[in-house]
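Start at 1 and go down the list; that is how both ligands and their atoms are numbered. By convention here, the first residue in the shown sequence is residue 1. Keep in mind that what you see is a predicted model, and the values were worked out from it rather than measured.
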Amino acid sequence: MKQLPVLVVHGGAWAIPDNMVEVHLKGVRHALAEGWRVLERGGTSLDAVQTAIVCLEEDETFDAGRGSFLTRDGRVQLDALLMDGNTLRAGGVGCVERIRNPIKAARIILDDSPHVYFVAEGAERFVQAHGMELCRNEDLVIEREVARLKDAQAKEAAGQPDLTFAGTEFGHDTVGAVALDMNGNLAAGTSTGGTLNKTPGRVGDSSLIGCGCYADNQSGAASCTGWGEPIMKLVLAKWATDRVRQGIAPDITSTDAIAYLHRRLKGHGGMILLDGRGRFGIAHNTPRMAWAYQNTERDASGINV
Ligand code: ASP
């Protein structure tokens, strides 16, 4: 019997201001619709996740692709991971500066390399050799982010507490998706520009296997967003999928994972989690999180769960 497909996407978890709610909702709904089209016509969960994430990377609302947060020295540095729950193949990039859609680069690595993870110029050279056109870093930088960086650095210079990484009022607009296809295969992906004013070379949780993203048909598929350092230390996506494997439902597990993140390290963020039966959870401990899901029975989207 064919499995009924499911797609869940997110566009970050933080105190999304009222005047940004609509654009976030529009962005996740568009990504959902595009990804769903893939699943509906019998496509793979891997293609659906990639398609949804490409839409979110192309949307300047989010901290992924063009329009991402800037590093301390005013550049865009992107991280992304894509993972196939059927084969456990994965592709990840960290600190890439000349790639418009890092999730496509992750896919090239997943498909064409015996390795799993490439960083910086090596990653750029590898995907270029496999047919991807590189852009200039300036092409990824937008005015809004130049102003945002200036503001954060002025506050820092004025001695205001550095909440850049830890505060929920600073954007955590990382994007991600998890999907289950008609053949019962799970996939997950996460893509990010990281945190505002980050030190060049910093890699967060998003693109690290088991931290901000994980997929295994034998357990579940997860994508996280939020303050990356605590999520990494707890290897949170793997923590959650392991619990699903033990039989705990994804809605309970995602809530438990975010509670654990806060209890253990005072971390904050959000998670989407899906199992092989199509059951899913969406949880966050930030004031808001942008999410959307679709299965054959219904589709829904929201900013708060
Ligand atoms: N988790 C990401 C990071 O720390 C940020 C985010 O979710 O927006 O790089």
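- Applying the ring pair (Phe, Tyr, Trp, His ring centres under 6.0 Å) test to pairs two or more places apart or on separate chains, those with a residue in residues 122-160 are Phe118-Phe126, Phe126-His130.
- In this structure, the side chain of Asp79 does not engage the main chain of Val203 through any donor-acceptor pair within 3.5 Å.
- For His172 and His268, the gap between ring centers is short of 6.0 Å.
- At a heavy-atom cutoff of 4.0 Å, ligand 1 is surrounded by His172, Asp173, Thr174, Gly194, Thr195, Arg202, Gly204, Asp205, Ser206, Thr225, Gly226, Gly228.
- Applying the side-chain hydrogen bond (donor to acceptor under 3.5 Å, both in side chains) test to residues at least two apart or on different chains, the pairs with a partner in residues 243-267 are Gln218-Arg245.
- At a cut-off of 3.5 Å, with distance as the only test, a side-chain donor of Asn217 or Asn185 sits close to an acceptor on the other residue.
- Taking Ala105 as the reference, Val93, Ile99, Val127, Met132 meet the side chain to side chain contact (heavy atoms under 4.5 Å, CB included) condition, with sequence neighbours excluded.
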